[in-house]
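Read through the structure below, which is laid out as structure tokens, and then see the notes.
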Amino acid sequence: MKFSHACRFGSAVFVALSSLVSAAPNPFALESRQTADSACRNGPFSRACWQSGYSIATDFDNKVPPNGRERVYDLEITNTTMAPDGFERLVMAINGQYPGPTLEANWGDTMVVNVKNSLQHNGTSMHWHGVRMLNSCQHDGVNGVTECPIPPGGTVQYRFRCTQHGTSWYHSHFSAQYGDGIVGALVIHGPASANYDHDLGPMTLTDWFHETVFALNVRALHSTTGPPVADTGLINGTMKGEFGGKYHVATVKKGKKHRLRLINTGIDNNFHVSIDGHNFTVITSDFVPIKPYVTNSISINIGQRYDIIINANQAVGNYWLRADVATNCGRNRNPTNIKSIIRYEGAPDEEPTSQNTITKSIACFDESVAPYAPNQVPQDKFNEAIKRFTMDFNVSTVNGPLIQWLINGSDIRVDWSKPTLEYVQDSNYTFESKMNVFEINEKDAWTFWLVQTVQGDPVNLPHPMHLHTDTVADYYVIGQGSGVWDGSTTELKFNNPPRRDTALLPAGGWLIMGFPADNPGAWLVHCHIPWHVGQGLSWQFLERKDEILDTLGDLSDFNSNCDSWREYWDVPANPNRPYEMDDSGL
Ligand SMILES: *[C@@H]1O[C@H](CO)[C@@H](O)[C@H](O)[C@H]1NC(C)=O
Ligand SMILES: *[C@@H]1O[C@H](CO)[C@@H](O)[C@H](O)[C@H]1NC(C)=O
Ligand SMILES: *[C@@H]1O[C@H](CO)[C@@H](O)[C@H](O)[C@H]1NC(C)=O
Ligand SMILES: *[C@@H]1O[C@H](CO)[C@@H](O)[C@H](O)[C@H]1NC(C)=O
Ligand SMILES: *[C@@H]1O[C@H](CO)[C@@H](O)[C@H](O)[C@H]1NC(C)=O
Ligand SMILES: *[C@@H]1O[C@H](CO)[C@@H](O)[C@H](O)[C@H]1NC(C)=O
Ligand SMILES: *[C@@H]1O[C@H](CO)[C@@H](O)[C@H](O)[C@H]1NC(C)=O
Ligand SMILES: [Cu+2]
């Protein structure tokens with residue numbers, strides 16, 4: 001499955017690249033026909049190239065441009081008031097803005113991010129969604145697993161190498177806190193599997209509530225009538241509605257191709273995105289370049305990203321971009337009219353009058369995608385390697401109603417004051433059972449995990465399952481289906497399966513994830529719906545525990561932050577602890 005492909009083909013080849021890509025997207029054929037060309041540079045007609053020796057066909061698991069720069073960012077979290085849709089509420093902003101600043105780097109660079117918690121009454125932590133934390137698990141930003149939360153007034157420095165390229169986001173992992181604003185886009189520039197002229201940048205999509213998600217989360221946890229309903233949605237942090245607000249506008253140039261990086265940073269809704277009068281080309285799913293395909297609508301689950309290329313080939317004017325809720329994703333109500341404006345240069349500063357002319361699906365699904373650089377997952381050890389988790393819904397009535405999602409019978413609860421890495425540091429592998437720790441000990445072995453929903457539950461919902469940073473930073477989606485997996489491998493995909501960090505566990509169904517154990521650390525897996533992870537739908541892999549400490553190096557920052565956190569939180573008489581952790585803490 002490992003390939004290395006240098007950018008050795010000459011720039012002349014790229015004039016014809018798009019036709020080559022759609023006809024026969026085989027980078028190896030290209031390579032074998034071409035000779036080395038050190039002048040191969042990334043540009044509008046040569047997006048497949050990056051720099052000499054590095055291209056879209058490079059196996060980024062094993063090869064990354066050397067001598068990257070350090071990109072340093074300072075992020076400060078504050079508790080403030082904002083009105084993204086015209087309705088004023090408390091928002092937790094990053095550097096005073098929502099969404100937070102876009103963090104950018106080039107493929108091979110190192111990001112250094114200093115996160116300061118200036119909230120009065122909450123801890124926080126920052127997770128770099130989908131980013132591979134190779135031998136640097138303490139920078140993954142998961143409170144209760146890889147760190148203690150950052151206490152009010154505290155600062156933590158995160159540091160990671162950008163070994164992948166594409167689009168992602170960063171967000172708090174302190175309970176449901178990201179739903180209140182601690183979210184921003186993360187862009188790693190690199191080659192692409194189709195050509196374009198301009199990069200429009202990232203566009204975050206989310207459902208939005210007029211009460212704080214922190215408060216709603218507590219209610220959802222104990223509600224027997226289902227979770228709260230979103231009031232509206234935001235596109236890149238703004239929306240127009242009954243309270244005022246404004247639409248987001250992205251400007252395109254007639255005759256040019258524009259890359260747009262779509263990110264679902266939402267709470268409880270899947271979006272189907274379309275642009276009136278325009279098809280578009282999809283070139284990535286999560287951090288993985290894919291074989292480009294053309295469509296008129298795309299299904300984005302929470303946590304997922306798709307980069308698309310919009311060809312501005314229609315009449316100069318204003319067009320709606322529509323983010324419609326996939327209502328089949330649950331019983332959850334649906335904010336409607338979530339829109340933004342695609343404006344051609346030269347068009348008047350007016351709202352579009354364009355109409356939707358396509359039939360939009362309301363179904364709940366992952367796009368079917370094929371990674372650009374083909375991968376082969378070994379099938380020979382599958383039957384003996386596969387391990388099973390059950391996933392079950394439960395309403396505990398032991399202390400009043402408590403909604404639970406159980407993984408092998410247990411809803412996760414982490415201890416903010418004693419994260420998994422601390423156990424590792426103490427060589428104490430007697431974990432609290434609610435930590436839902438599952439060990440993987442065989443170096444580099446392929447592992448396969450079936451998540452099977454228990455049948456007959458009163459509540460069945462689809463769950464976008466996110467694997468942290470493990471291994472190659474994502475997983476191979478070997479199979480997905482409804483009902484019970486029948487144990488047969490005929491429906492499974494070993495030949496170039498989709499590879500991504502977030503994929504759907506269908507409602508009442510099953511999901512099989514596969515990855516090699518190639519990165520020691522403690523890695524969380526969870527449903528990306530904050531209500532559900534708050535209610536326990538998560539577990540952690542403890543991968544190659546005996547090697548973890550050696551790979552991490554100095555843990556003094558980890559330890560001093562934990563000391564400050566415990567000083568803030570674990571005070572015997574509790575004068576500094578106005579609140580309790582009521583949910584999983586994640
Ligand atoms: C969305 O907002 C982020 C953060 O302010 C910004 O960097 C990005 O350019 C915006 N995207 C678009 C398409 O305007
Ligand atoms: C945010 O500010 C409000 C109003 O001052 C306060 O009630 C709340 O506790 C603060 N939240 C945090 C997390 O600091
Ligand atoms: C976080 O702050 C909010 C107020 O903004 C409060 O309701 C909540 O209980 C706090 N949670 C923790 C765990 O501190
Ligand atoms: C979009 O693609 C469909 C299917 O190929 C085609 O019928 C339609 O004309 C295209 N629309 C535009 C605006 O290019
Ligand atoms: C989950 O529980 C079942 C039943 O006890 C067990 O067979 C299985 O190995 C457990 N799964 C994992 C990943 O340990
Ligand atoms: C599931 O709910 C039942 C009914 O209240 C309760 O007795 C049981 O403890 C719950 N299961 C777990 C794992 O908490
Ligand atoms: C290991 O951790 C558990 C859970 O916190 C604790 O009860 C136990 O005392 C610890 N063991 C050692 C040897 O520190
Ligand atoms: Cu879920």
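Indexing begins at 1, ligand by ligand and atom by atom, following the structure's order. These numbers come from the heavy atoms of this one structure, side chains and all, not from hydrogens, waters or symmetry mates. The residues of the chain are indexed from 1 along the displayed sequence. Please read these numbers as outputs of a predicted model, since none were measured by experiment.
Between K253 and D197 there is no salt bridge, since none of the side-chain N atoms of the basic residue sits less than 4.0 Å from a carboxylate O of the acidic one. A salt bridge is absent between D74 and K116; no separation between the charged side-chain nitrogens and carboxylate oxygens falls under 4.0 Å. A salt bridge is absent between D415 and K434: the closest approach of a Lys/Arg side-chain nitrogen to an acidic carboxylate oxygen does not fall below 4.0 angstrom.
Within ligand 6, the atoms closer than 4.0 Å to a non-hydrogen atom of V395 are 2 (O), 4 (C), 5 (O), numbered from 1 in the order shown. Against a heavy-atom cut-off of under 4.0 Å, N122 is close to the following atoms of ligand 3: 1 (C), 2 (O), 3 (C), 8 (C), 10 (C), 11 (N), 12 (C), 14 (O). Of all atoms in ligand 3, numbered sequentially from 1 with element shown, those under 4.0 Å from a heavy atom of W416 are 13 (C). Within the listing of ligand 6, atoms 13 (C) sit less than 4.0 angstrom from a heavy atom of G409. Near H121, meaning under 4.0 Å from one of its heavy atoms, ligand 3 places the atoms 1 (C), 2 (O), 10 (C), 14 (O). Residue Q404 approaches ligand 6 through these ligand atoms, each under 4.0 Å from one of its heavy atoms: 1 (C), 10 (C), 11 (N), 12 (C), 14 (O). Close approach to Q314 involves these atoms of ligand 4, each under 4.0 Å from a residue heavy atom: 13 (C).
In terms of N/O distances under 3.5 Å, ligand 4 is approached by N279. Considering backbone and side-chain atoms together, K434 places no N or O closer than 3.5 Å to any N or O of ligand 6. Inclusion of T397 in the set of residues having an N or O under 3.5 Å from an N or O of ligand 6 is warranted.
Side-chain atoms of N117 come within 3.5 Å of backbone N or O of N122 as a donor-acceptor pair.
In this structure, H210 and F243 have perpendicular ring planes: the angle between them is above 60°, well past the 30° mark. Note on ring orientation: taking the six-membered ring where Trp is involved, the planes of H129 and H528 are tilted (angle from 30° to 60°). Using cut-offs of 30° and 60° on the angle between ring planes, the pair H173 and H127 is perpendicular. Taking the six-membered ring where the residue is Trp, W416 and W565 present perpendicular rings, their angle passing 60° and hence far from 30°. F438 and W539 have perpendicular rings, their planes meeting at more than 60° on a 0 to 90° scale where under 30° would count as parallel.
Nearest non-hydrogen protein atom to atom 2 (O) of ligand 6 is N394 ND2, 2.5 Å. Regarding atom 13 (C) of ligand 4, its nearest protein heavy-atom neighbour is G277 O, 3.2 Å. The protein atom (non-hydrogen) at minimum distance from atom 7 (O) of ligand 6 is V398 CG2, 4.0 Å.
In this structure, I358 and S274 approach most closely via the heavy-atom pair CD1-CB, 3.9 Å.
There is no protein heavy atom closer than 4.0 angstrom to atom 9 (O) of ligand 4. By the definition of a contact as any protein heavy atom under 4.0 Å away, atom 4 (C) of ligand 4 is not in contact.
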